[in-house]
Every structure is written in structure tokens, then in C-alpha cells.
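Source: prediction; values computed, not measured. First the proteins, then the strands, lettered A, B, ... as listed; each starts at 1.
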Number of protein chains: 2
Amino acid sequence: MASSLKDVARYAGVSIKTVSNVVNGYVHVSAVTRAKVQQAIAALNYRPNTAARHLRQGRSGVIALALPELRAPYFAELAGFVVEAADERSLKVLIEQTDGARDRELEITEGVPGHLIDGLILSPLALTEDDLEQRTDRLPMILLGEQITDGAADRVVVDNVAAAEEAVAHLVSLGRRRIAAIGAQDAAPGATARLRLRGYRQALRRAGIAYDPSLVIPVEQFHRHDGALAMQGLLDLAQPPDAVFCFNDLLGLGALRTLLSHGLSVPGDVAVVGFDDIEESQYSTPTLTTVAPDKEEIARTAIDLLIKRFSGDHDALPRSVNPTYRLICRESTLGG
Amino acid sequence: MASSLKDVARYAGVSIKTVSNVVNGYVHVSAVTRAKVQQAIAALNYRPNTAARHLRQGRSGVIALALPELRAPYFAELAGFVVEAADERSLKVLIEQTDGARDRELEITEGVPGHLIDGLILSPLALTEDDLEQRTDRLPMILLGEQITDGAADRVVVDNVAAAEEAVAHLVSLGRRRIAAIGAQDAAPGATARLRLRGYRQALRRAGIAYDPSLVIPVEQFHRHDGALAMQGLLDLAQPPDAVFCFNDLLGLGALRTLLSHGLSVPGDVAVVGFDDIEESQYSTPTLTTVAPDKEEIARTAIDLLIKRFSGDHDALPRSVNPTYRLICRESTLGG
DNA sequence: CGTTCGGTTTACAACGATGTACAAGCTGCT
DNA sequence: AGCAGCTTGTACATCGTTGTAAACCGAACG
């Protein structure tokens, strides 16, 4: 059985409160008493009970991170950074997977965990602005990676339009003219896809290249499989593209796989750009050119915003932070 | 402010305990009272306070999953399954990253989270048997992926020796005779590496192939980078290998990268086998032959074992479960 | 010598939920 | 009518912790 303040108090021959004072570093405790108590704590291997503390103080020291799925490397890497950043602030992270399903996301914003957590970092796929407006829960929440226009919560999100434009501009600068896009999504769960598509079109316009809808391939999910399939479709065209901008790295890696298995050369025949800079993209053959958001900065910023909410400015206006990103050019566009 | 049983009780005009009874589905509550209470609950948007429940019942409904790092795809995928399996049992999962550091692992087995969690699933890298014997914490714990001989805790771990042997036997069956191994580790944190090495040697012995220590390459970590480096070393040998057994997929993918960038053909010149079957291995070029442990089974088993510990047989003898695995043969050994 | 002062320690009441014990109301039996 | 036995509801203590208020003590002061 775990020991409590009561046990320590009895063992040390002092009151419960005194032990509590020692544990919490209260100043006015005599050296003698402090020593006695500390010895008792060591002897009984006492550890404060988080549940009781939580009940008393209304703070659990736990936050939730809700993301579509851990098996997607981008989210896994991001989650790793979040856990790390949280750890530095003595916070624990509880993981929820939404599969990008709207009802799961909704459920989570409405505080499923029942007072279990102090705050929430949510990376939504399907949630709409309206869903958020109707939110009744007062739990501090940070949104990741969705450009839901000024809403009810803090947001940390890269400038998807600018980043996408930069990626496509890179392809243009290499002399590519028939540039495809893989990853379009019409349905509600597609804010990110729409923004990256906008960046793509903007880059084309600036380069004076006509927009060709047949080069924009929609996908169901942002997985390797969808990328491979989409690329297959592009190769079947009468006039295949000479470059592809994929809305994330997994799509890009899937596309790569299809290209190579058709004996095509990358970037010789087709150049490929991704988005996310997952670790895998540094080791694929060829390595993948990609837009790299600073994931560590994203994680750290999200945690900091949450902590700000905890302490005081509970009702400040929602903040929006754009983390830095950069285009990393690798073999899939520059060649080996 | 969140509402409590007290508020609901006042609103419904009944006692606190009656509300509690309704919430907990106690049978002997009249239909009228139940309706009144339920209406009050809805009106006040009442949600039970987890902290209070936890304090009272000694159960939080939260477990911790401690693993080296989420950015390693194997652990990310595994974590995904664990969260999923836990969700089905109404458990929440809190993630801890150890970086495979012994002191972090030790800290965690000693119950850092302070009564915050009901149980622990730990995937140790550095922990030794002795460390575990000295464990004082009574928290139910399940060990993943380490073959620490019958210790103080339940274990879920594939038969590394048999699996490794099967992988190498596959290479032998393809006519390979100069088979290297990448991933040896001498230091304490290397139980897994040692077992896979044993399987490797066993397969060689069975095939009547002499053991050549120069073909066994040690690594610091099981990352792509280490695999790439190790492969480089092998290629620099006077007599390079015609096959490589990598102790995990990341090492294998790193090795692949080195081979291809040297213009070598896989499996033409060198065949490669990995271990873990991470998703990436289905999409690499060439796709990677690998030992695939059933991750979903591992996760489910771990959760089930934990739950068994919660309910009663707190002091049953430690169980050890060997999840199933299978060798999946892909292009890196069979060719395209 | 009584008073005040400050540091040190303690008793008590919360936080929100639930198990125990028991009271009140009802039924049905002798 | 009296009593057992059941249903339905309540009061109270409790889980481990901490904030509040107050008690205690020796020292310093007038």
C-alpha cells in the first residue's frame, strides 16, 4: 500500500500539515522538523497522491494531445516533440486518436476526459468552424495545423498557402511546366488541402502557367497508398506531368514508389516535392525535397500557449502563431 | 465552472447520493426520481469528476505507455495500437519517452507519475534484470519487447531467436552464403540485439556456414543513419556480403539507401532483410523483406494482461506471452 | 512582569465522489 | 394489528491533499 501524508506524519511525530509544508517547500519549518520529516518520507517512500492534489487544486498536470493517428509519421514525430516539450514543463501527455473523424473530434472538444486534463492540443481534420463556435467546454484548447479562420481557440499553424507556393515555385525554377498536384480534397475535412491547393495555383499563376484541372488529383487520405494510386493515374494521362507537388510526404513517397516501379527516373522524368519533412524523406531513394515545418517549434509554442491560458489570461483573445518552415531541396528535384 | 453532484442534487431536489446512484446505474431508484435526476444532469451538463472518483476508488482509468521514442516508426505504430486497444477498454493512455536511457526507465518503473496511473506498459531498452528485482513500486507493469528472463513482471515479446533464425534461413534458402548482420550491441542495453544475433548464428550453424565476426556490425542505435553507416563499412570489406540481416527495419532502410547510392542492385548484388514490418517497408524501393510481429496482438495482449492484474490476481505469477510473427518476403530478397 | 511579535506548528474544513449504515415507506404475511 | 422484508432515499465518513485561521512558543520590548 502506498503511504500518505498521514503515515509520514505519524512516523515523524508531527501533524499532517507540517509534512505537507515540508513537501511543498514552505519556508517556516525549523531545520530539525524538516529533517525529521524528510527522513520519514524517505523511510516510507512517500509520494504525493496526484489524484488528491488534483481534486484539491483543480489542476492535474496532464494535457491531452488529440491527433488523427500515431502511425502517420508526421503526427508521431510531432507527438514526440509535444511530449518532450511538455516534460520540460512538468506536464504529462495523454494521447487520443481521432482517425480524423468529425464525431470523435467533436467529442474530444467537448471534454470527454471529464476534468481529467488541464488542457487540450487538437490537430483536427474534419472539424468545422461552426463546430467550434458551439463548444461549451471551457477547457483551454490549442488547434494545430488547421487554418480555421479566427475561431474560438489559439492556433499554431504554418502558412500553408505561402509554403505550398514556395514549393511549386521551386519546381518552376527547375524548368518544369507540367506540374501536377496530389492531395486535393473537396469534402469538409480538407482545409489543409484547400490551402495547399491555393498556394499551388498561385505559384502557377505567377509563373504564367495555365491551370490544368486534370493534373490535380484528389485523394481520400494522405497516405502512401493514395499517393501511389494518384501517381498511377497521372502516368496514364496522354500527357503525363514532369513534376508533382504532393500535399504531404507520405503521398510523395507513394508517388515515388509508383514512378520508380515504372522504370521512370526521378527527377529526370518527373520531379517530386512533398510536405512535412518526415524523417523517412531523408532516406528514401531518391531523398525527397519537401517543405519542413519546424515541428519542435510547433510543439513548444503549443505548450507555451496552453500554459499561458492556465495562468491567468483565461479569457484573452485567441492568438494565432505561424511557426517557421523552410523548403529543403533534395534529390527528388535536384538529382543525385 | 463545472457542476458537481451537489449542484445536480440541489437542482433535482434529492440527495447527493441519489444522484450518484443514478449516475452509476444503481438499480433501486424509482423511475420518477431517475427521470428528475437525469433531467437535472442534462440541464447542468454534469460530468463526473475523474479526480474525485480516482481519489475515492483508487483507480484513474489511465495507464502509461513508456517507450524509447515516438519518432521511431515501430514504436509509433505500436503506440497507435495500444491507444486503440486501451480505448476499447475505456482506458486512457499517457505517453512517456525514455530515449532508452536507463535512469529514465528506472525512474518510470519506480512510479514517477505518483499514483496518477493504474498500470504501466514499458518497452525498455537499457533496463537490466537487477534493476527490476529491486523495484519497490507495486504498480502493475507489462514489459514489451525485452527478453529479460523470468522477472518481476508480465511480458509480451516475440521469440526473437526463432524469428531471427527464420529470417536468416530465408536468405540461405536463396543461395546466399556471405550473410552479414547489422545491429549488434554489446552494452547492457542490448538484450534484443543479443537474441537476434543468437538467431543469426543458429541459422548459419544449421546451414553449415562458418561464422565470420567481421560480418557482424555493431551499431549505437537502431536508426536509419546507423544502418547506412554500417552498410558502408560492409561495402569497404575486401569481400563484401551478398546478403544482410538487419536487426530492425530502420537499419535495413538505411542499408538500402547506402547500397542504392553505390549503384548496387538489391537483391541482385545484396539481399536485405529487416525486422518490425513498419509501414515504410512496404513502400521503399525496393520493398523490404522483414519479420512482422503482430503489433495489434502485442498491444491487445498487453492491455489484457494489465486488466487482469487490475482485477484481482494482483499477485499471480508473472506471465509471459509470445505474440505471433511472420516473415514477409518482398522485393529486397525476392526481387521485383 | 505583562505584552507584543514573529516564527513554527496545528486543527479543521474543504475539493467531489462513493461505501456503509440506517431511516422511512411500502407490501404482504401471520 | 403487528411484524418481517423489501424498496427507496438520506446522513455521514472517507479517500489524500492543501488553504485558512488560529494556537503555541520563546524572545524582545516597555
Annotated protein contacts, base or backbone, on nucleotides 7-15 of chain D with a non-hydrogen cut-off under 4.0 Å, one of B, S, - each: SSSBB-BBB

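Using a 4.5 Å heavy-atom cutoff, the side chains of V157(B) and L143(B) are not in contact.
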Step-by-step side chain to side chain contact (heavy atoms under 4.5 Å, CB included) determination, L122(B) to T109(B): CA-CA 8 Å; L122(B) 170 65; T109(B) 62; 3.5 Å; yes

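Distances shown here put a side-chain N or O of S20(A) below 4.0 Å from the OP1 or OP2 atom of dT18(D).
The two atoms that bring G61(A) and D118(A) nearest to each other are N-OD2, 2.7 Å, heavy atoms only. Contact record, A2(A) with D7(A): O-OD2, 4.2 Å, taken as the closest heavy-atom pair. When all heavy atoms of E279(A) and E77(A) are compared, the closest pair comes out as N-OE2, 2.8 Å.
Listed candidates were dG16(D), dT18(C), dT18(D). Nearest to the side chain of L5(B) is dT18(C).
For the residue pair N21(B)/T18(B), the side-chain donor-acceptor check at 3.5 Å is not satisfied. Donor-acceptor pairing under 3.5 Å is lacking for the side chains of T301(B) and D304(B).
Residue pairs meeting the ring pair (Phe, Tyr, Trp, His ring centres under 6.0 Å) criterion with at least one member in residues 46-88 of chain A, sequence neighbours excluded, do not occur.
Remark: C1' of dC15(C) and CZ of R59(A) are 16 Å apart, rounded to the nearest angstrom. Distance CZ (R47(B)) to P (dA17(C)): 13 Å, rounded to an integer number of Å. For the pair H54(B) NE2 and dT17(D) C1', the computed distance is 13 Å after rounding to whole Å.
Fit an axis to the five pairs at each end of the helix from dC1(C)-dG30(D) to dT30(C)-dA1(D) and the two axes sit 70° apart, to the nearest 10 degrees.
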